[in-house]
Amino acid sequence: MPRTEIRIAGFGGQGVVLAGVLLGTAAILRDDKHAIQTQSYGAAARGGAARSDVIISDEKIMYPQVTAPDIMAAFTTEALNKYKDELKKGATLIIDEDLVTPPEDSSFKIYRVPATSIASNELGKGIVANMVMLGFLSALTGIVSLEALEETIRANVPKGTEELNLTAFRKGVERAQEVK
Amino acid sequence: MKNERVLTGRHFMQGNIACAEGALAAGCSFMAGYPITPATEIAERLASRLPALRDEDGVFIQMEDEISSLAAVIGASWTGKKAMTATSGPGISLMQEHIGYAVGTETPCVIVDVQRGGPTTGIPSVELQGDTVQVRRGSHGEYQIIALAPSSPQELFDHTILAFNYAELYRTPVFVLSDAFIGHMREEVVIPEPEDIEIVTRIIPEAGFNSETDQGFLSENVAPMPIFGRGFKSHVTSSCHTETGKRNVTDAFALDNFIRKLDAKISKHRDEIIMVEDNTQDADIAIMSYGGVYRAACEAAGVARKEGIRTGTFRPITVWPFPDREIAEMSKRVKAILVMENNLGQLVPYVKAEASCPVHFIAPEILGTLHDVGSVVSKLKEIA
């Protein structure tokens, strides 16, 4: 796989950083690829703009900053508007349709997933919307193997929440398989 | 969290965590600190790891500020512990008095500076190479400093071990010059088996040491450290002193000896301390950079080469002592040097002083971000 840049953006507390960390962990520890994860967030722990960037590649990655994402997952309209001009032409853009107004721009491949309502209504925990998104993004793009991610989620989420997180992840995977 | 010192294996690890793990692998058993973004994860990690170490009395203390943090580190070091603190630029500003104290009393310690945007409180979570010169010259008086500049989480692990080794070997404070970008970046970190990690521990006097007559200070080849609690009865003072630690604050020749011996302890061993990575053997233009910026320099050199400009990279791994001879030597081979720093040119005057070829400089278009490769390549075309 050539260098692939992924950006997950929303606000603090939505788990965008964790989603990026899990992607990177799965890529290096289970799929034997190279990965870098970086992040940017404001001074406030929750509610401010937050962004998690991941680069995955078969080759060693020298330049560590994401400059033109191939894939972006947006959890807020604000994040989408802030970053959409940086996206690569023809990039895959995934939006949480519960929270994000879809852009009119047709130069992206736009996918919608109701991550927040699946997490809140079907699982009773809005907090796992990031896992729904992670499942959707991974199944849609094949950037990291689903087995690798399942193992990584199991090993890295807080004890006692493994099944909740994995169920949310699988819901996202199912959605992606429907739209693919 | 595991209670082993060395977490052997492959990890997808944040730079700050890798730094903390490097400290543990090096034998650190004491950290004192005060929380500050973007360095806090180092303290958090060691606050949980040090007290949990199996069969050891690892200690973490959160102090009331950065001034007292370094004071506690110096005290711990004099009891024989490998000790460290971690902070960012504003904390380094506060620590300057005690940095000089550690130099003057020949106290081994490691100070990690995870640099952020300044001056003053600036922006906590944005990186800047703002402290390059501050760590060298921030305390008053005439002295030498050792500083390492890692460019990845792996190097944050490796260089923190090196920093402890240098501190112990030369009885001096050593800086790890990190920044918000590599401190918060996650990447693959491989931690070796404990027996494959080279560890240096300070030499202490042999039994029968007489503090009245035997040398515990001011040796160009590093005097054994008469640490507390072993009956050495040594006098430790930051004021000008003699080879036995006796205070002399009246004679200029004592001051001259005090300064020159401390200086020689580092400068005489500069060949063993200084490390550079020089990939300019067949280059017309050398890009000089350090820390995280080095990664953008490598990328730019690769692109420039494809466009026909023979570009190589030169990188001080130890920014201090400054690799003056290495730069002078390299400048005879190349036609020009382009210095890349994430600031407005802190090392440029030092490079110019040594180079026999023209020296150019490029800052990132937006300070606090990594250089845009296209802009660097355009600059290289201009120079070529």
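Nothing here was measured: the structure is a model prediction, and the numbers come from that model. Within every chain, numbering begins at 1; the chains are lettered A, B, ... in the order of the sequence lines, protein sequences first and strands thereafter.
- For residues 291-302 of chain B, the interface with chain A (any heavy-atom pair closer than 4.5 Å) comprises B/Arg295, B/Ala296, B/Cys298, B/Glu299, sorted by residue number.
- Of all non-hydrogen atoms in A/Ala35 and B/Glu187, the two that sit nearest each other are O-CG, 3.6 Å.
- The shortest heavy-atom contact between A/Gln39 and B/His184 is NE2-O, 3.6 Å.
- Annotation: side chain of A/Gln37 is not in contact with side chain of B/Gln14 (no heavy-atom distance under 4.5 Å).
- The 12-atom threshold is exceeded at CG of A/Leu146, counting heavy atoms of other residues, nucleotides or ligands nearer than 6.0 Å.
- In this structure, A/Lys88 places its NZ atom where more than 12 heavy-atom neighbours from other residues, nucleotides or ligands lie under 6.0 Å away.
- When all heavy atoms are compared, the tightest approach of A/Tyr63 to B/Leu370 is CE1-CD2, 3.6 Å.
- Residue A/Val54 does not touch chain B at all, counting heavy-atom pairs closer than 4.5 Å.
- At a heavy-atom separation below 4.5 angstrom, chain B is approached by A/Gly24, A/Thr25, A/Ile28, A/Leu29, A/Asp32 within residues 23-33 of chain A.
- Applying the 6.0 Å contact sphere to CD of B/Gln62 captures more than 12 heavy atoms from other residues, nucleotides or ligands.
- For A/Glu59, the CD atom counts as loosely surrounded, since its 6.0 Å shell holds 12 or fewer non-hydrogen atoms of other residues, nucleotides or ligands.
- In this structure, B/Ile123 places its CD1 atom where only 12 or fewer heavy-atom neighbours from other residues, nucleotides or ligands lie under 6.0 Å away.
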